[in-house]
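We count residues from 1, following the sequence as given.
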Amino acid sequence: MTAYKPSDRLRDMLADNALLLPALSRFGISLGFGGASVAEVCAAHGVHCPTLLAVVNFISGRAFTPDDVSAGALTAYLRSAHRYFIEYVLPGLRRRLIEAVSAGSRSDISIALLRFFDQYAAEVRAHMEYEEKTVFVHVDSLIAGTGGDGEFAISDFRNHHKPISRQLKELKELLICHFTAEPSQVDTLNSLLFDLVMCERDITMHCRVEDDLFIPAVERLERSGARRGDLPAGDTAALADNGDIVLTARERDIIRLIAAGKSNKEIADELFLSVHTVATHRRNICAKLDIHSAAGIAVYALMHGIA
């Protein structure tokens, strides 16, 4: 299969593979994009297009370009996936498990199955909390140009990263092979099993994205020293001939609106971006300029004629 390209219509990509919908959501892309191309939708949402294409091609089993992946953009994607699993998927599975095994079943069996699931959910939360507090913080510091704390490298994560879907597979096997449902509960159980299959697939692919896309991107970032060079839309913090920092047109727009006293929400509405994207641009602007207050950015805008 040929790889998806920036010029492909996003609706056609989803027609090929509807399982890509969660990936779009994790990039902050909302539905209702009509016949726009992948590149057009990414531009409208402030999404790094090469990173999105690498992810959707990887998930679809198509050729992808790992060297174009932005560690910052992929970190935001993974953070969004964590929220989805912890706040939506796992609580939903727990409710459906209770519904499927409670009616007509021995209470000790129901309690054991629920305890098994709760232990798995706790493992997933611990796994993702470690990534949030250690791995992603490390990436944030690299992007900010502080170079991390010196005590952690992405190789530490690579050496200890393990799949977290094994217990879901075991739960599925217990229910299929050893649990006898009441006739009235068969459809409920089958629905739960389908959800378990989808969750197992999603979490397995999530871990593979971390292994095959995220870790190599962070390794490149570590080797480069991350001198402000991993911005969301492929921007760089190059210097002009006179030594001034080169700002992109989008960054200048955001600086102008910050100087005008606009909030992130107001900036997002005016530029047709997500609030998350504006916040990311704002962090990168602060890192580029080494100015970390709205008042300081306003002074910078005045001094450099950004109005």
Would you say the ring centroid of Phe136 lies under 6.0 angstrom from that of Phe157?
no
Mind checking the CG-CG spacing from Asp118 to Leu114? Nearest 0.5 Å is all I need.
4.5 Å
Given side chains that start at C-beta, do those of Leu213 and Phe64 come closer than 4.5 Å, heavy atoms only?
yes
Glu129/Lys133 under salt bridge (charged side-chain N to carboxylate O under 4.0 Å, His left out): CA gap, chis, key distance, verdict
CA-CA 6 Å; Glu129 183 176 339; Lys133 293 184 176 180; 2.8 Å; yes
Answer yes or no: is there a side-chain heavy-atom contact under 4.5 Å between Leu78 and Phe214?
yes
Under the criterion salt bridge (charged side-chain N to carboxylate O under 4.0 Å, His left out), I'd like the reasoning laid out for Arg95 against Glu99: C-alpha separation, chi angles, the key distance, then a yes or no.
CA-CA 6 Å; Arg95 289 192 298 270; Glu99 183 182 3; over 6 Å; no
Are Leu31 and Val55 connected in the hydrophobic side-chain network, where two residues link if heavy atoms are under 4.5 Å apart?
yes
Short side-chain to backbone donor-acceptor contact, Asn57 and Tyr4, under 3.5 Å
yes
Is it the case that the side chains of His161 and Glu210 hold a donor-acceptor pair, with the cut-off being a distance below 3.5 Å and no angle test?
yes
Just checking, is any N or O donor in the side chain of Thr280 or Thr277 under 3.5 Å from an acceptor N or O on the other one?
no
Tell me, which pairs form a ring pair (Phe, Tyr, Trp, His ring centres under 6.0 Å) where one or both residues lie in residues 18-45, sequence neighbours left out?
Phe27-Tyr77
Could you go through Phe58 and Met205, starting from their C-alpha distance and side-chain angles, then the distance that decides it, and tell me whether this counts as side-chain contact (heavy atoms from CB on, under 4.5 Å)?
CA-CA 9 Å; Phe58 178 76; Met205 186 57 68; 3.7 Å; yes
Can you name the closest pair of heavy atoms from His48 and Ala73 and give their distance?
CB-CB, 3.8 Å
Trace of the salt bridge (charged side-chain N to carboxylate O under 4.0 Å, His left out) decision for Arg79 with Glu131:
CA-CA 9 Å; Arg79 278 181 167 134; Glu131 293 179 4; over 6 Å; no
Linking I/L/V/M/F/W/Y whenever any side-chain heavy atoms sit under 4.5 Å apart, do Ile109 and Ile176 land together?
yes
Drop me the distance from Leu247's CG to Asn284's CG, to the nearest 0.5 angstrom.
11.5 Å
Name the residue from Leu271, Asn264, Val278 that meets the side chain to side chain contact (heavy atoms under 4.5 Å, CB included) definition with Leu257.
Leu271
If Ile, Leu, Val, Met, Phe, Trp and Tyr residues are connected whenever their side-chain heavy atoms lie under 4.5 Å apart, and connections chain through other members, are Val218 and Tyr130 in the same group?
yes
Which value, rounded to the nearest 0.5 Å, describes the distance between Leu174 atom CG and Lys169 atom NZ?
12.5 Å
Determine the minimum heavy-atom distance between Ile143 and Gly72, stating which atoms define it.
CD1-CA, 3.4 Å
Same hydrophobic cluster for Leu19 and Val89, using side-chain heavy-atom links shorter than 4.5 Å among ILVMFWY?
no
Ignoring hydrogens and geometry, is there a side-chain-to-backbone donor-acceptor pair from Thr51 to Ser70 under 3.5 Å?
yes
Taking all non-hydrogen atoms of both residues into account, name the closest pair between Ser110 and Val101 and its distance.
OG-O, 2.7 Å
With side chains defined as the heavy atoms from C-beta onward, is the minimum distance between Met128 and Ile164 less than 4.5 Å?
yes
Main-chain N/O of Ala153 paired to Asp156 side chain as donor or acceptor, under 3.5 Å:
yes
Do Ser165 and Thr204 have a side chain donor and acceptor closer than 3.5 Å?
yes
Closest non-hydrogen atoms of Ser80 and Ser25, given as atom of the first, atom of the second and distance, are OG-O, 4.1 Å
Check the pair Leu74, Val139 against side-chain contact (heavy atoms from CB on, under 4.5 Å), reporting the backbone distance first and the verdict last.
CA-CA 10 Å; Leu74 197 51; Val139 176; over 6 Å; no
Should Pro6 and Cys49 count as side-chain neighbours, where that means a heavy-atom distance under 4.5 Å?
yes
Smallest heavy-atom separation, Gly35 atom then Arg9 atom, equals O-CD, 3.4 Å
To the nearest 0.5 Å, tell me how far Arg201 CZ sits from Leu168 CG.
14.0 Å
Could you walk me through whether Asp67 and Arg220 pass the salt bridge (charged side-chain N to carboxylate O under 4.0 Å, His left out) test, one step at a time?
CA-CA 9 Å; Asp67 292 344; Arg220 291 192 297 273; 3.7 Å; yes
Please give me the minimum heavy-atom distance between Arg62 and Ala3, naming the atom from each residue.
CB-CA, 4.2 Å
Any donor-acceptor pair under 3.5 Å linking the side-chain atoms of His127 with those of Glu123?
no
Are Arg83 and Tyr88 side-chain neighbours, meaning at least one heavy-atom pair lies under 4.5 Å?
no
Going hydrophobic residue to hydrophobic residue with side-chain gaps under 4.5 angstrom, can you get from Val137 over to Val135?
no
Is there a donor-acceptor pair under 3.5 Å between the side chain of Glu266 and the backbone N or O of Ser263?
yes
Rounded to the nearest 0.5 Å, how far apart are OH of Tyr300 and CD1 of Ile258?
12.0 Å
Is there a donor-acceptor pair under 3.5 Å between the side chain of Arg256 and the backbone N or O of Ile306?
no
Using distance only, find each side-chain donor-acceptor pair of residues 192-200 under 3.5 Å and give its atom names and separation, not counting sequence neighbours.
from	atom 1	to	atom 2	distance (Å)
Asp195	OD2	Arg96	NE	2.7
Glu200	OE1	Lys172	NZ	2.9

Contact check, side chains of Thr65 and Asp68, non-hydrogen atoms, under 4.5 Å
yes
Side chains of Glu219 and Arg158: closer than 4.5 Å at any heavy-atom pair?
yes
Check the pair Leu10 / Glu40 against side-chain contact (heavy atoms from CB on, under 4.5 Å), numbers first and verdict last.
CA-CA 9 Å; Leu10 192 53; Glu40 290 168 339; over 6 Å; no
Does Ser37 use its side chain to pair, donor to acceptor, with the backbone of Asp8 at less than 3.5 Å?
no
Return yes if a side-chain donor-acceptor contact under 3.5 Å exists between Glu87 and His82, otherwise no.
no
So salt bridge (Lys or Arg N to Asp or Glu O under 4.0 Å) across residues 26-38, not counting sequence neighbours, yields Arg26-Asp202
Spacing of CD1 belonging to Ile98 relative to CZ belonging to Phe117, to within rounding of 0.5 Å:
9.0 Å
Is there side-chain contact between Ser60 and Leu20, with at least one heavy-atom pair below 4.5 Å?
yes
side-chain contact (heavy atoms from CB on, under 4.5 Å) between Lys5 and Leu53, worked out
CA-CA 7 Å; Lys5 306 181 296 297; Leu53 284 171; 5.7 Å; no
